[in-house]
Amino acid sequence: MGKSVLIMGGSGQAGRGTAVLLRRWYPALPLTIAARDLDRARRVADELGNATALTFDLRRGDLGLSEAHGYAAVVAAVRDSHLNGLRFAQDRGVPYLSISNGLVDIAPEVVAGAQRAAAAPILVASHYLAGLVVLAAMESAREFERVDTVRVAAVLDERDGGGPAAVADLERLMDVTSAGLVRRDGDFIWVAGADAQVEVSGVDGVVLPGQTIATLDVPSLALATGAPNVRFDFAVGESASRRRGAAPTTEVRIELEGSAAAGAPLSRSQWLVHPEGQRPLTALGIALGVERLLGLRGQPVAPGLYTPEALVDPAYAVERMAELGTLRL
């Protein structure tokens, strides 16, 4: 634990939440909080202890950082728009994790990783809640001999979009395409227009207008479970808790259909709800990835391209979600 984990965007909601969890789990792990605003970074570092604060520049190949500092991993908790954070990690042979390149703009990151596949382990975690939905679904799928259908429906409270960077990411991804990616009868296809418009029910049964979206969760769920039918529907609006006058919550419904070991039909449905919204779960998804990449749980990860379900044990992820106050209904 001599080298520090560099968290780019470490003073933002996702980055700070990740740092808090890592500090709770590993008090001796050095952390570097990198932000554009040095004062904000210093406040976060002071709260954490055993942490350094600095500014960084995503437009520079060296990120504007001194070579005197050695890092154990690079976490892009903000969009690595020039991929200089990725190159920085590859040049030093240290793990890299990102969360802000959605399915429609992930190609440069994948190509950069494939071109230098032996340079460093790269965890592509731009899934919803940084991969936790996929992991929770995989844990439920353990009961099944065969999974035929996976349906996910998420409600993001309009007051729970995260900080400015997270809101900008969501707006960018929604502007790039209004089409959604689904797997239908084993084929990955795009749905657009009226075919992408759906109704999404909240945990209290109230229906919100939504759409089928293009998210990494769809191929991850399809290929991990073998399900020939997968979709992810998404709505932004008022969450059930806020309708009751409480704080915004995050709500995700996961439905699986298939068969049990004896061939009998089997279906499972669950809600994932967190009373503090999406921020703590996104931070948890990142922290689980960092923990695994560093070999703090399991062996250190070899160079290559990975998704969360390739590295993190679903049962362990669900345990951590429960510890964090996630309700499974």
Determine whether V134 and P308 make a side-chain contact, defined as any pair of heavy atoms from C-beta on separated by less than 4.5 Å. no
Indicate, with yes or no, if V150 and W271 share a hydrophobic cluster defined by side-chain heavy-atom contacts under 4.5 Å among Ile, Leu, Val, Met, Phe, Trp and Tyr. no
Could you go through M8 and V75, starting from their C-alpha distance and side-chain angles, then the distance that decides it, and tell me whether this counts as side chain to side chain contact (heavy atoms under 4.5 Å, CB included)? CA-CA 6 Å; M8 303 190 304; V75 178; over 6 Å; no
I122 and L86, any side-chain heavy atoms less than 4.5 Å apart: yes
Rounding to 0.5 Å, atoms CG (L208) and OG (S201) come to a distance of 8.0 Å
Quick check: do R242 and E158 have side-chain heavy atoms less than 4.5 Å from each other? yes
Under 3.5 Å: donor-acceptor pair, side chain of S126, backbone of N101: yes
When rounded to the nearest 0.5 Å, the distance separating CZ of R297 from CG of L311 is 12.5 Å
What pair of heavy atoms forms the shortest contact from G277 to P280, and how long is it? O-CD, 3.4 Å
Between D160 and R279, is there a side-chain N and carboxylate O pair less than 4.0 Å apart? no
Evaluate the criterion side chain to side chain contact (heavy atoms under 4.5 Å, CB included) for residue pair Y306 and V301; output intermediate values, then yes/no. CA-CA 10 Å; Y306 300 91; V301 178; 3.4 Å; yes
Is the shortest distance from a Lys or Arg side-chain nitrogen in R253 or E255 to a carboxylate oxygen in the other one below 4.0 Å? yes
Going only through I, L, V, M, F, W and Y residues with side-chain contacts under 4.5 Å, is there a path from I7 to W25? yes
Test item: R116 side-chain N/O and A119 main-chain N/O as donor-acceptor pair under 3.5 Å: no
Verify the cluster assignment for I213 and V198: are they in a single hydrophobic cluster under the rule of side-chain heavy atoms below 4.5 Å apart? no
Indicate yes or no for a side-chain donor-acceptor contact from D57 to the backbone of L63 under 3.5 Å, with no hydrogens or angles considered. no
What distance separates L293 CG from I286 CD1, expressed to the nearest 0.5 Å? 12.0 Å
Please examine the side chains of F56 and T32, heavy atoms only from C-beta on, and report whether any two atoms are closer than 4.5 Å. no
How far apart are the C-alpha atoms of L327 and H274, what are their side-chain angles, what is the distance that settles it, and do they pass the side chain to side chain contact (heavy atoms under 4.5 Å, CB included) test? CA-CA 6 Å; L327 305 175; H274 198 286; over 6 Å; no
Compare all side-chain heavy atoms of D80 with those of Y96 and state whether any distance is below 4.5 angstrom. yes
Run the salt-bridge test on R23 and E47 with the 4.0 Å N-O cut-off and return the result as yes or no. no
Is it the case that the side chain of H82 and the backbone of N84 share a donor-acceptor pair, with hydrogens and angles ignored and the cut-off at 3.5 Å? no
Going by atom types only, do S259 and R146 share a side-chain donor-acceptor pair under 3.5 Å? yes
Separation between CG (L129) and CG (L284), nearest 0.5 Å, reads 9.5 Å
One thing to verify: whether E257 and R151 come together as a salt bridge, which I'm taking to mean a side-chain N less than 4.0 angstrom from a carboxylate O. yes
Might you point out which heavy atoms bring A14 and T282 nearest each other, and give the distance in Å? CB-CG2, 4.3 Å
So, do Y71 and V5 sit near enough that their side-chain heavy atoms are less than 4.5 Å apart? no
Is there a path from L281 to V20 through hydrophobic residues (I, L, V, M, F, W, Y) whose side chains come within less than 4.5 Å of each other? yes
What is the distance from atom CZ of R79 to atom CG of L58, rounded to the nearest 0.5 Å? 10.0 Å
Looking at side-chain heavy atoms only, is the closest gap between V94 and F88 below 4.5 Å? no
I need the minimum non-hydrogen distance between A141 and V147, along with the two atoms involved. CB-CG2, 4.1 Å
Could you check whether any side-chain heavy atom of I106 comes within less than 4.5 Å of a side-chain heavy atom of V124, counting everything from C-beta outward? yes
Quick one: closest heavy-atom pair of F144 and G258, and the distance? CE2-N, 3.5 Å
Anything under 3.5 Å between a donor and an acceptor, one on a side chain of residues 313-320, the other on a protein residue two or more places apart or in another chain? List them.
from	atom 1	to	atom 2	distance (Å)
D313	OD1	R142	NH2	3.1
D313	OD2	Y316	N	3.3
Y316	OH	E291	OE1	2.9
Y316	OH	E291	OE2	3.0
Y316	OH	R320	NE	2.9
Y316	OH	R320	NH2	3.1
R320	NH1	E323	OE1	2.9

Is there a donor-acceptor pair under 3.5 Å between the side chain of D62 and the backbone N or O of G64? yes
Applying a strict under-4.5 Å side-chain criterion to I, L, V, M, F, W and Y, I'd like to know whether L288 and L21 cluster together. yes
First locate atom CE of M138, then atom CD1 of I254, and finally report the distance between them rounded to the nearest 0.5 Å. 12.0 Å
Taking it one step at a time, do V273 and T326 satisfy side chain to side chain contact (heavy atoms under 4.5 Å, CB included)? CA-CA 6 Å; V273 179; T326 308; over 6 Å; no
Restricting to non-hydrogen atoms, name the atom on D204 and the atom on V206 that form the minimum distance, rounded to 0.1 Å. OD1-N, 3.2 Å
Regarding Q270 and S140, is there a side-chain donor-to-acceptor distance under 3.5 Å anywhere? yes
Of all heavy-atom pairs linking E251 and A240, the shortest is OE2-N, 2.7 Å
Report all side-chain donor-acceptor pairs from residues 217-239 shorter than 3.5 Å, counting only partners two or more places apart or in another chain.
from	atom 1	to	atom 2	distance (Å)
D217	OD1	Y128	N	2.9
D217	OD1	T215	OG1	2.6
S220	OG	H127	NE2	2.8
S220	OG	L216	O	3.4
S220	OG	E309	OE1	3.4
S220	OG	E309	OE2	2.8
T225	OG1	L221	O	2.7
T225	OG1	A227	N	3.1
N229	OD1	D185	N	2.9
N229	ND2	D148	O	3.3
R231	NE	D233	OD1	3.3
R231	NE	D233	OD2	3.3
R231	NH2	T212	OG1	2.6
R231	NH2	D233	OD1	3.3
D233	OD1	T212	OG1	2.8
S239	OG	D157	OD2	2.7
S239	OG	S241	OG	3.3
S239	OG	T249	N	3.2

Donor-acceptor list for residues 37-46 side chains, cut-off 3.5 Å, not counting sequence neighbours:
from	atom 1	to	atom 2	distance (Å)
D37	OD1	D39	N	3.0
D37	OD1	R40	N	3.2
R40	NH2	S11	O	2.9

Quiz question: by atom type and distance under 3.5 Å, do the side chains of E109 and S98 form a donor-acceptor pair? yes
